[in-house]
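Here's the structure, in structure tokens; my notes come after.
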Amino acid sequence: MSLTLLATTHRVAPGLLTWRAWERLRTAARVLAPAGHPLLPSLADAEVAVEEAPAPDPAALVAAARAADVVWVAAPEGDEALLREIGALVVADPLDVEVLHGSYDLPGARLLDLVSVMDTLRRECPWDREQTHASLVPYLLEESYEVLDTVESGDLGALREELGDVLMQVAFHSVVAAERTDGTRFTIDDVAAGIVDKLVRRHPHVFAGVAVSGADEVNANWDQIKAAEREAKHGADASALDGVPMAQPALSLAAQLQRRAARMKAPADLAPASGEDGTGDPAVSGLGARLFALVAEAREAGLDPEAELRAVSRVFRDRVRAWERRQPRA
């Protein structure tokens, strides 16, 4: 006689069980489960007779298992307390007790929990209900910069949490978008499908059997594919500068524009000079022109101007703090 505690995960569709789990369910003398368990319809389809119990009774389960082979279908969130109580009951009078995992979380399964939590918050939290794409933008930027800060400071232990904050923002925007009733509606699944399609399309050397000699050829193929995507989207007006976010920090904006222009082999003299206004463009300050030239200098040296300025800023911050500590208290 034996007692099997059948554990399943709510992140897998009910009924997707291992063969061993189905075999145990079909051969057990008695199968018991909490009332309303999501697996019950699948068990009924498989013609497995189930006794629904309002709440697990450790003593009753052990007593039943001493008379026949019994399976208890544990709640999807787990029955750890029940297992501990059963363990205490069988210490003095041993019984064959097994925890059988009938289904397992797949990689990425916890993303389903995030989607569920965000749906709940959007319905039930007054603050979350009021948010829009526009109101959420500052938080997305803030969380992205916090990720950058953890990487640049070397605090990789905090990276997991900060990436989670960014992921939450993606899920938040997606649940807001899913509520729209016009043609702009999309869901988190649409977001995931879009990036999957893009990654597969832009990696033909991985997914389509295209041979490449190394990373340089991968980059060349990437640029060609992106150019074709821009042409398909914008037609004759397509530009290599399409998709450059003009709202990004100015140093990184200048660097990205320069990189795109360099790939096209655009003339270097297109860079604005100090005071230039003969074409009807706003006059360029000497400072602005020098900053733009410094960005070009950093790019030619293989440096990220944003990162370089942040590094100097961190040194300056630390020196100011040290100076503050040396000042006499008022």
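- Of the residues Leu61, Ile86, Val62, the one that meets the side chain to side chain contact (heavy atoms under 4.5 Å, CB included) test with Leu95 is Val62.
- Here the side chains of Thr132 and Val176 are not in contact, with every heavy-atom distance at 4.5 Å or above.
- With respect to Arg24 and Glu98, a salt bridge is recorded, a charged nitrogen being found less than 4.0 Å from a carboxylate O.
- In terms of modelled atom types and a separation under 3.5 Å, the side chain of Asp190 and the main chain of Thr187 share a donor-acceptor contact.
- Residues Leu40 and Leu25 share a single hydrophobic cluster, defined by chaining ILVMFWY side chains whose heavy atoms lie under 4.5 Å apart.
- At least one donor-acceptor pair under 3.5 Å links the side chain of Gln258 to the backbone N or O of Phe292.
- Classification of Asp105 and Arg11 as a salt-bridged pair holds, one side-chain N sitting under 4.0 Å from a carboxylate O.
- Evaluation of the ring-ring contact (aromatic ring centres under 6.0 Å, His included) test over residues 7-37, restricted to residues two or more places apart or in two chains, returns none.
- Of the possible polar contacts, one joining the Arg260 side chain to the Asp242 backbone as a donor-acceptor pair under 3.5 Å is found.
- For the pair Thr4 (side chain) and Leu6 (backbone), a donor-acceptor distance under 3.5 Å is absent.
- A salt bridge is defined here as a Lys NZ or Arg NE, NH1 or NH2 lying under 4.0 Å from an Asp or Glu carboxylate O, and Asp113 with Arg110 meets this definition.
- For Gln131 (side chain) and Asp128 (main-chain N/O), no donor-acceptor pair under 3.5 Å exists by modelled atom type.
- In Arg129, the CZ atom is crowded: over 12 heavy atoms of neighbouring residues, nucleotides or ligands sit closer than 6.0 Å.
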Verdict with supporting geometry, Thr184 and Asp182, side-chain hydrogen bond (donor to acceptor under 3.5 Å, both in side chains): CA-CA 6 Å; Thr184 64; Asp182 59 14; 2.5 Å; yes

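- A donor-acceptor pair under 3.5 Å is absent between the side-chain atoms of Arg30 and the main chain of Glu51, judged by distance alone.
- Leu5 places none of its side-chain heavy atoms less than 4.5 Å from the side chain of Val71.
- A distance-only check finds a donor-acceptor pair linking the side chain of Glu217 to the backbone of Ser213 [under 3.5 Å].
- Screening residues 89-125 for ring-ring contact (aromatic ring centres under 6.0 Å, His included), with sequence neighbours left out, gives His101-Tyr104.
- Using a 30° and 60° split on the angle between ring planes, Phe172 and Trp127 fall in the perpendicular class, above 60°.
- Using the six-membered ring where Trp is involved, His205 and His203 have ring planes that are tilted, between 30° and 60° apart.
- Side-chain atoms of Ser2 never come within 3.5 Å of backbone atoms of Asp69 as a donor-acceptor pair (strictly under, hydrogens ignored).
- In this structure a side-chain-to-backbone donor-acceptor pair under 3.5 Å is present from Glu306 to Ser252.
- Panel note: side chain Thr120, backbone Ser116; a donor-acceptor pair is recorded below 3.5 Å.
- Residues Arg202 and Glu229 are paired through a salt bridge, judged by an N-O separation under 4.0 Å between the basic side chain and the carboxylate.
- Here the side chains of Arg299 and Leu303 are not in contact, with every heavy-atom distance at 4.5 Å or above.
- Pairs passing the ring-ring contact (aromatic ring centres under 6.0 Å, His included) check and including a residue from residues 43-76, sequence neighbours excluded, do not occur.
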Evaluation steps, salt bridge (Lys or Arg N to Asp or Glu O under 4.0 Å), between Glu152 and Arg314: CA-CA 10 Å; Glu152 290 192 339; Arg314 282 196 296 271; 2.9 Å; yes

